[in-house]
Amino acid sequence: MHKAALPQQKSRIVRYSKRFRVKPGHKVKLADIDPDFHSTHEDEAAAKGEIVTNQEKLRALQYRMYAENKRSLLVCLQAMDAGGKDGTVQHVMAGMNPQGCRVQAFKTPSAEEAAHDFLWRVHKAVGPKGTVTVFNRSHYEDVLVVRVHKLVPKKVWSRRYDYINDFEKELTDSGTHILKFFLHISKEEQLIRFKERLNDPTKQWKISESDYLDREFWDDYMKAYEDALRECSTDAAPWFIIPSNHKWFRNLAVSQILVEHLEALKMEFPKPTVDLKRIRRKYHRAEKEEHKRR
Ligand code: AMP
Ligand code: MG
């Protein structure tokens, strides 16, 4: 397939961007959202075709964004531990041109980071025009883990929703498209995944005590997520709640929302900066003559 050609949509597709989007200001009740949901797809095999098509489309769309060099995409991923952030990063980036994308993970702030305002490290990590950036955790940790573990007083974290909205508004006004995904798993599913990690020598390195400690605070986290999703889902930078107990469905939904959004941008390849006719005449005729002479 030529890179410029976008794969055609074959079947009618459920619009997940509408279905999973948090309407600005709407109250979110996570307990009412089924993390097992997998729409009309029976299983991974039934969804495979759509997932692959989305990945091909994403690849072509990212190529356009890079060529166009006019705007950027910022994808924020948030989830409880073992919620599937790493897997989603891998899936979303698969096939993208590494020259035009990057992943930024946010850990416990370093001493230098902690000595600044909470958005300092975040703003620096937003990619320039033409690029896709994926945040594995994000500035939302500053109203999630920070709130749950009382790392700053309520007076401080409660103001941050407004700061975040202003920050994101400034980014979107400057050509950064922001899409935020909360990967919603159940507490039971988390334990299943922790056990898998424990039994898989290739995944044991991911285990940390804090995962188990955070699990004890599950309800507090859900409350903190509900507030963040309600306060900070805006038209310009929406939040999506993705049912994520099924990894394949999560990949399907996230990739489809990204495709929907990027297709709507109607990105164009820039016009060539040279006169192609002249270039053809000048160099390609010369090449022919060179051939004749040999
Ligand atoms: P992981 O993503 O599993 O490698 O873990 C990163 C850890 O960093 C998690 O426990 C997060 O809660 C923590 N973290 C990320 N951002 C912040 C922050 N702003 N303040 C405190 N802890 C954070
Ligand atoms: Mg962890």
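We count ligands from 1, going down the list as the structure has it; atoms in each ligand are counted the same way.
Judged by distance alone, the side chain of Gln204 and the main-chain N or O of Leu198 form a donor-acceptor pair under 3.5 Å. Without hydrogens or angle criteria, Glu113 side chain to Ser110 main chain gives a donor-acceptor distance under 3.5 Å. Listed for the Asn165 side chain is a donor-acceptor partner under 3.5 Å among the backbone atoms of Glu231.
Seen from the ring of Trp205, Lys203 does not count as a face-on cation partner, given the 6.0 Å and 45° thresholds.
Atoms of ligand 1 lying under 4.0 Å from at least one heavy atom of Pro109, given by number and element, are 17 (C), 18 (C), 19 (N), 20 (N), 21 (C). If you number the atoms of ligand 1 from 1 as listed, the ones under 4.0 Å from a heavy atom of Asp142 come out as 19 (N). The ligand atoms of ligand 1 that sit less than 4.0 angstrom from a heavy atom of Val146 are 20 (N).
In the candidate list Lys85, His149, Arg121, Lys206, Arg121 is nearest to atom 16 (N) of ligand 1, counting heavy atoms.
Between Tyr221 and ligand 1, a contact under 3.5 Å exists for no N or O pair. Checked by distance only, ligand 1 and Lys107 come closer than 3.5 Å through their nitrogen or oxygen atoms. For ligand 1, one of its N or O atoms has an N or O atom of Arg137 under 3.5 Å away.
Checking Ser72 against Thr176 by side-chain atom types alone, a donor-acceptor pair falls below 3.5 Å.
Only the side chain of Val145 comes within 4.0 Å of ligand 1, counting heavy atoms alone; its backbone N, CA, C and O stay farther away.
Salt bridge present: Glu141 and Arg137 bring a charged side-chain N and a carboxylate O closer than 4.0 Å.
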